[in-house]
> 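Can you keep this structure in mind? I'll have questions shortly.
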Number of protein chains: 2
Amino acid sequence: MTITLPQQSHTVADIKALIHRESRRVTSYDVAIVAGVSQSAVSRCFKPGASVSKATFARVMQAATDLDYTPNAAARSLNTRRSNLVALVVSHMVTLHYPELLAELSRQFALFGMRILLFSQPRGSDLGATLADVWQHQVDGAVVAAHLSGAQAGEFERRQVPVVLFNRHLGDGGVSAIVCDQAGAARTLASRLAAAGHQRFALIDGPARSAIAQERMRGVADRLAELGLAPPFRVSGEHDYASGARGLREIIGRLGQVPDAIICSNDAMAIGCLDTARHEFKIDVPGQLSVTGFDGSGPAGWLSYNLTTLRQPVPQMAQATVEMLMGLIGAGAAAPQRRMFSAKVIDGATARLGPAC
Amino acid sequence: MTITLPQQSHTVADIKALIHRESRRVTSYDVAIVAGVSQSAVSRCFKPGASVSKATFARVMQAATDLDYTPNAAARSLNTRRSNLVALVVSHMVTLHYPELLAELSRQFALFGMRILLFSQPRGSDLGATLADVWQHQVDGAVVAAHLSGAQAGEFERRQVPVVLFNRHLGDGGVSAIVCDQAGAARTLASRLAAAGHQRFALIDGPARSAIAQERMRGVADRLAELGLAPPFRVSGEHDYASGARGLREIIGRLGQVPDAIICSNDAMAIGCLDTARHEFKIDVPGQLSVTGFDGSGPAGWLSYNLTTLRQPVPQMAQATVEMLMGLIGAGAAAPQRRMFSAKVIDGATARLGPAC
DNA sequence: TTGTAAGCGTTATCAT
DNA sequence: ATGATAACGCTTACAA
C-alpha cells in the first residue's frame, strides 16, 4: 500500500477544475502532475512491457483513474506510425450475404488490439473515392471484399499498406487473398448432379460484375462440357430472392420446358427459385427438378428449404484473413500469398446428387 | 521540421527519393517545397473554404498529386479535436438481424464525411472494456445498439461524447435515442389477434437481457390483460431459428395442447416455430394456430413463409440516427431527445388477424 | 528506473 | 493571400 502524499497544491480537484476552465482534454501531463512524476513516466505506464517501478506504476494509475485519463490514439498514432486501425472495404452486398463475417472479423482483430474502420461501398459508387479516405486514416492494413482494380492494388503497395482480399483475387496474384474454391466446388456439384442422371442444366447467374459468380458458373460450365453434356441454359440477375424467382420464370419461358437441374449463384437466388418452382409452378423439387445454391447461409438449413448447397467456411476464412493481414503488418513486406478453402457440399433435400467421388 | 536538401534541385523525383531514403511519410512540407509555397499554404488548400489564390491552389494540387500526398488524419485530429470518426457499438446479434443497418449507417455518415469505427460486442463480453477502447480513439460521437448501463451513459456525458442509442433507451431518458415503438406494435398485434377470436396465447420470448424482447412481450401481455384474456404462456430462448423450434416443443409439451396463437419475439424465432409446427407437428398454420414474428426481415416475406409480422422501418431509423447524432456533434451539448418510429403490421399468411382499429 | 527534450504532421493564430 | 510559429498529446532516444 502506498499512501498518496499531498502534491503541493496540485490536487485532483484543482487539476480537474483547471482542465475544465481551459476546456481541454485530460493529458498525460495532467496525470504526471497529480502523480508527481514526469510525463514520460506516465507514457511508459501505458506501454506494455516498459520499465517502471511498481510504486510509480501504482501512483500513475491511481492518478489516471482519478482524472479519467485515456491515452489519445491520434497522438500515439502520430509518432508510432501505428494506428491500430484496419480498413474493411466491403461492397454493399457483403453484409447481406455474410452477416456473421463482420462480427467475426471484428472479434478476431480485437484479439490483436486492432479496430475496424468500415468502408461500406454503396452500390455503383466509386471505389477510388473510398480509397482516398482510407489513405487519410493511416490504417495499418486493409481487408477488401470488393472489386479492386490492378491500379488500385498497386496503390496499396506504393503506400505500403498491407492488404488481404476476401473471396476475390487479382489475376496476376500480386495481392494476398483468402478465397474459397468456387470453381472447384462448382465442378463437384456439377459432377454429382450429372452422376444422378441430370442432363439438361440451367444456371441462374449473378451480376456480370461479380467475380465470384463468374467463377462459380464457369466451374459448372467447364465440368458439364468435360462430361459431354449440353451447355447449360443461362440467365442472370442480382444476388437476391427476387432474381431467383425471375430467373426461373425466364428459364421456363424461354426454354419452353423445365430443365432437370438449376444451379443458382447463391442461396438467396436458389431459395427464390425453389419457392417459385413449388408455389407458382407446382413443380416437384427435387423429384422433377433439382435446385442448388451456394454459400450455406442460415436460411438454407431451415426445414422448409433444406437446400442442397455449398457451404463456405466463413468463420475459418475470417480467422485466416486476420492472421494473414496481421502477419503482413508485422512483416513489413512479404511475398503475397493466396490461401484457399474448400466449400463443403451440403446434401440437402432440393437436389438429387450422385455419390461423391 | 527542417528538411535538408541538395541545394539546387527540388524536383519531384528528388523529394521522392529523399522521402524513400528516410523512410518517412509524404508530408505537407514536401508538397510545399515542390510547389514552392509555405507549408501552411498547403494546409489551407486542403481545407474547404480557406482563402487561397487560384494559382497557388493549382500548384499545390499538382505537387500533391505528383507526390501522392494525402493529409494525415491523425495529425489533423490531434489539433482540430475532430476525428471524423463515429463509434458504432453493436451487440453481436445486431448485424445478424439487421444486415442492411450497417450499410445504411455507413452510407449516411459518409455524406457528412464521417467514418464508422466498428465495435462489435462479442456475446457475453464486457461493454466496459469495449468503451475504454472507444475513448482512446477520440470518436466524435457514438451509435450504440447494445445494452448501456446508466453509469456507462454517464461516462459519455462526462467525456462530452454525443451518443445516440439505436432501438434501446435508458429509463431516465437522459440519452438520445432512436427507437421503434415495440410495445405499441405488440399491443396492436395482440388486439388484432384477439379480434380474430384467439383466446389461448403463448409467447416465445427472447433472452431476458434483451430490452427489446422485454418491451415487445410486455406490450402483448398488457394488452391481453386489458382485453380480459388469460395471461399468455411464456417460454424463452435466444433470438434464433432453433429457439423458435425449441420454444414450440416446450409450449406443446408443457401445455399439453396447441395454443391458438404464438407470438414470437422476432422473425427468426417465428420461422423456426412455424417450420416446426408445420413439418414436425403437422399443425395447420394459420388454420389451427397463428404464428407471428417481429422485425419484417427479408425471409419473412419469402413465399414459403409469408410471415405475419411487424416491420421496423430500419432505413428511416438509420437516417434519423445519423441526423440526430450529427446534430448533437454540431451543437455541442443539447437536450437529449427520443424519436420514435412505428412498426407496420405485415398481414401475412401465418396468422388470422382481425381488422385494424 | 526516471527525467529531458526532440519530434510525429497537421491546424490555427497572427503578423505581413 | 501568404508565411512564420506555436500548439495538439504522445513516444522515444538519450542522459542522469
Side-chain angles (χ1 to χ4, degrees), chain A residues 2 15 18-19 22-60 63-64 67-84 135-138 140 159, chain B residues 1-4 15 19 22-33 35-60 63-64 67-85 135-138 140 159:
Chain A
T2 14
I15 299 279
L18 180 65
I19 291 169
E22 297 178 349
S23 72
R24 51 183 189 80
R25 291 171 166 158
V26 182
T27 71
S28 53
Y29 205 82
D30 300 313
V31 177
I33 293 173
V34 170
V37 298
S38 74
Q39 183 272 333
S40 48
V42 175
S43 176
R44 278 192 284 265
C45 288
F46 284 89
K47 177 179 179 166
S51 88
V52 208
S53 73
K54 269 288 177 207
T56 302
F57 184 82
R59 295 234 308 284
V60 167
L67 292 174
D68 287 323
Y69 168 74
T70 312
N72 182 322
R76 171 180 293 162
S77 157
L78 193 54
N79 58 13
T80 56
R81 283 122 173 250
R82 268 282 237 146
S83 61
N84 293 323
W135 309 137
Q136 297 218 351
H137 285 285
Q138 313 293 123
D140 296 335
R159 295 182 185 265
Chain B
M1 175 164 177
T2 342
I3 294 177
T4 2
I15 299 277
I19 291 168
E22 297 178 348
S23 73
R24 50 182 191 79
R25 291 171 165 157
V26 183
T27 72
S28 53
Y29 273 88
D30 301 314
V31 177
I33 292 172
V37 297
S38 73
Q39 183 274 334
S40 33
V42 176
S43 177
R44 276 192 286 266
C45 289
F46 285 89
K47 176 179 178 166
S51 86
V52 207
S53 72
K54 268 288 178 206
T56 302
F57 184 82
R59 296 235 307 286
V60 166
L67 292 175
D68 287 324
Y69 168 74
T70 313
N72 183 322
R76 172 180 292 161
S77 158
L78 192 55
N79 60 9
T80 56
R81 281 120 173 256
R82 266 284 236 144
S83 61
N84 293 324
L85 255 30
W135 309 137
Q136 297 219 352
H137 285 285
Q138 313 293 124
D140 295 336
R159 296 182 185 266

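Proteins get letters first, then strands, A, B, ... in listed order; numbering begins at 1 in each. Please read all numbers here as calculations on a predicted model, not as lab measurements.
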> Heavy atoms under 4.0 Å is the rule here; annotate nucleotides 3-11 of chain D 5' to 3' with B where the base is hit, S where only the sugar-phosphate is, and - elsewhere.
BB--BBBBB
> Atom CZ of B:F57 to atom C1' of D:dT2: distance rounded to whole Å?
16 Å
> How far does OH of A:Y29 sit from CD1 of A:I19, to the nearest 0.5 angstrom?
13.0 Å
> What do the steps show when you test B:Q136 against A:T70 for side chain to side chain donor-acceptor pair (under 3.5 Å), and what is the final call?
CA-CA 6 Å; B:Q136 297 219 352; A:T70 312; over 6 Å; no
> Would you list the pairs meeting side-chain hydrogen bond (donor to acceptor under 3.5 Å, both in side chains) in which at least one residue belongs to residues 45-55 of chain A, sequence neighbours left out?
A:S53-A:T56
> From CZ of A:R59 over to P of C:dT1, roughly how many Å is that when rounded to an integer?
15 Å
> Does B:S28 use its side chain to pair, donor to acceptor, with the backbone of B:S43 at less than 3.5 Å?
no
> For the helix from C:dT1-D:dA16 to C:dT16-D:dA1, figure out the bend between the end axes, five pairs an end, and round to 10 degrees.
30°
> Flag the pair A:V26 / A:D68 as yes when at least one side-chain heavy-atom distance between them is below 4.5 Å, and no otherwise.
no
> Just verifying a value: how many Å separate A:D140 CG and A:T80 OG1, rounded to the nearest 0.5 Å?
8.0 Å
> Shortest non-hydrogen contact from B:A50 to B:R44?
CB-O, 3.4 Å
> For the atom pair CD (A:Q138) and CZ (A:R159), what is the distance rounded to the nearest 0.5 Å?
9.5 Å
